[in-house]
Amino acid sequence: YGKIFDIHAHILGMSAYEMISYLQAQFNHKENDIAFDDKDALEKAFRLLVSENNETRNDGLTPKNLNLIRDGIGDQLTIAYFLGFKVDGLKDESFSHITPLVPTSYTESCAQADECVNKLSHALLATNDKELAQEAYVQLLANLYNIPEFSRFDPTYDLIDITFSSLSKICPDMETAEATLESYKNKGYVVHIDKVPSGYAIFVSEDCVVNGEAIPKGKFLKSIHKLDPMLTHIDEDTVW
């Protein structure tokens, strides 16, 4: 990851939650700034998790693409930890006491993730029960790490690569930021540049619609030089 690794190499000594919290701070996101009873803000944040969960299933499982399954699990973990960072009422907590059934296939693994996402949705959006939400949150994390026993990859290590990829979304200098800004403007986005701890970032200035997709104000957009996760190649006899 070149300079991205040099700047952020210290994340290798962090726990997964600490690493994603550090990542969020690089986007100027604040800890615990979503109140548990603010259902509109909760739904907006939770929608990211639903989107990543759907992508894992539709882009990874349906075409039987193992790399996209791995990338999807890492993205779901990123958003799950993001929720723990942002939502006042969720917190990082050990899930070692949870022993879910090990899935026998990736289809079963995705189905378990669907179930956990739905449970968390009910706990966050339909109730004001923080204890239930915390239970659902921890169960989701446990299930995301609970890949089929034949798998030859570890989501813990994939999450590191995915985090370095996410950090490359930040523009390291103003020249890159301005080029990225123009690229998004040409596509119809309403955007601006903000200073962030390790460079510059492009944010959506107001709600807009691009190619039929609603783009919300405040969304962070990736640099034109963003790197894809460099997941270590593996060979496995996959049971889909």
Side-chain angles (χ1 to χ4, degrees), residues 11-25 29-57 60-61 69-149 151 153-163 166:
I11 70 173
L12 297 177
M14 296 180 177
S15 69
Y17 177 78
E18 290 170 339
M19 183 170 66
I20 301 306
S21 296
Y22 172 82
L23 171 67
Q24 298 308 323
H29 291 159
K30 304 299 181 184
E31 190 171 9
N32 293 332
D33 65 346
I34 297 179
F36 191 82
D37 59 357
D38 185 348
K39 298 306 179 187
D40 288 340
L42 274 177
E43 183 172 5
K44 181 179 178 181
F46 184 77
R47 208 178 298 140
L48 296 173
L49 179 63
V50 173
S51 174
E52 295 297 350
N53 182 58
N54 290 341
E55 282 187 22
T56 304
R57 186 188 332 99
L61 180 65
I69 284 279
R70 294 168 66 187
D71 188 78
I73 291 172
D75 286 344
Q76 286 181 83
L77 284 169
T78 297
I79 300 302
Y81 286 123
F82 161 80
L83 290 174
F85 175 79
K86 293 283 282 183
V87 179
D88 186 11
L90 294 183
K91 60 182 182 298
D92 181 38
E93 185 178 280
S94 171
F95 45 82
S96 59
H97 61 288
I98 295 179
T99 54
L101 293 175
V102 178
T104 59
S105 68
Y106 286 114
T107 297
E108 188 176 0
S109 179
C110 286
Q112 289 180 358
D114 285 346
E115 185 178 337
C116 288
V117 168
N118 290 336
K119 182 176 179 179
L120 182 58
S121 174
H122 174 75
L124 280 179
L125 304 178
T127 77
N128 283 311
D129 189 336
K130 291 186 180 182
E131 186 175 340
L132 179 63
Q134 183 65 31
E135 176 186 311
Y137 173 67
V138 173
Q139 188 174 27
L140 171 66
L141 288 173
N143 275 271
L144 288 173
Y145 283 105
N146 190 42
I147 57 177
E149 60 183 7
S151 301
F153 69 92
D154 187 337
T156 300
Y157 295 109
D158 283 358
L159 184 61
I160 292 172
D161 281 292
I162 287 166
T163 300
S166 296

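Throughout, numbering of the chain's residues begins at 1 and tracks the sequence.
Judged by distance alone, with hydrogens and angles left aside, the side-chain atoms of K39 form no donor-acceptor pair with the main-chain N or O of A126 at under 3.5 Å. At distances below 3.5 Å, not a single donor-acceptor pair connects side-chain atoms of S51 with backbone N or O atoms of R47.
D88 meets the side chain to side chain donor-acceptor pair (under 3.5 Å) test with no other residue; sequence neighbours excluded. Legend: residues meeting side chain to side chain contact (heavy atoms under 4.5 Å, CB included) with V50, ordered by chain and number and at least two apart, are F46, N54, V117. Listed by chain and number, the residues in a side chain to side chain donor-acceptor pair (under 3.5 Å) with T104 are E108 (sequence neighbours excluded). A search for side chain to side chain donor-acceptor pair (under 3.5 Å) contacts involving Q134 returns nothing, not counting sequence neighbours. Qualifying side chain to side chain donor-acceptor pair (under 3.5 Å) partners for E43, counting only residues two or more places apart in sequence or in other chains: none. Among residues two or more places apart in sequence or in another chain, the salt bridge (charged side-chain N to carboxylate O under 4.0 Å, His left out) test is passed with E135 by K119. Listed by chain and residue number, nothing satisfies the salt bridge (charged side-chain N to carboxylate O under 4.0 Å, His left out) test with D92 (two or more places apart in sequence, or in another chain). D38 is linked by a salt bridge (charged side-chain N to carboxylate O under 4.0 Å, His left out) to nothing, counting only residues two or more places apart in sequence or in another chain. For D129, the salt bridge (charged side-chain N to carboxylate O under 4.0 Å, His left out) test picks out no residue, with sequence neighbours left out.
Residue K91 comes nearest to Y137 through the heavy atom pair O-CE2, 3.5 Å, listed as atom of the first residue, atom of the second, then distance. Shown here for P100 and N143, the closest heavy-atom pair between the two residues is CB-OD1, 3.9 Å. Closest of all the heavy-atom pairs between A113 and N53 is CB-OD1, 3.7 Å. Taking both residues in full, the closest heavy atoms of A123 and A136 are given as CB-CB, 4.3 Å, listed atom of the first, atom of the second, then distance.
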Anything under 3.5 Å between a donor and an acceptor, one on a side chain of residues 14-21, the other on a protein residue two or more places apart or in another chain? List them.
unit_1, atom_1, unit_2, atom_2, d
S15, OG, E18, N, 3.2
S15, OG, E18, OE1, 3.4
Y17, OH, G84, O, 3.4
E18, OE1, S15, N, 2.9
S21, OG, Y17, O, 2.9

For residues 73-81, which side-chain N or O atoms pair as donor and acceptor with protein atoms under 3.5 Å away, sequence neighbours left out?
unit_1, atom_1, unit_2, atom_2, d
Q76, NE2, T56, OG1, 2.9
T78, OG1, G74, O, 2.9
Y81, OH, Y145, OH, 3.0

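In this structure, a donor-acceptor pair under 3.5 Å is absent between the side chains of N128 and D37.
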Taking it one step at a time, do L144 and C116 satisfy side-chain contact (heavy atoms from CB on, under 4.5 Å)?
-> CA-CA 9 Å; L144 288 173; C116 288; over 6 Å; no

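By the 4.5 Å heavy-atom criterion applied to side chains, I98 and N146 are not counted as neighbours. For the pair F153 and I147, the minimum side-chain heavy-atom distance is below 4.5 Å. In this structure, V138 and H97 have side chains that are in contact, with non-hydrogen atoms separated by less than 4.5 Å. With contacts defined as side-chain heavy-atom distances shorter than 4.5 Å, the pair F36/L124 qualifies.
Legend: ring pair (Phe, Tyr, Trp, His ring centres under 6.0 Å) pairs involving residues 98-122, not counting sequence neighbours, sorted by first then second residue: Y106-F150, Y106-W240.
Within a 6.0 Å sphere centred on CD of E115, heavy atoms belonging to other residues, nucleotides or ligands number 12 at most.
Note that the SG atom of C110 and the CG atom of L61 stand 4.5 Å from one another [nearest 0.5 Å].
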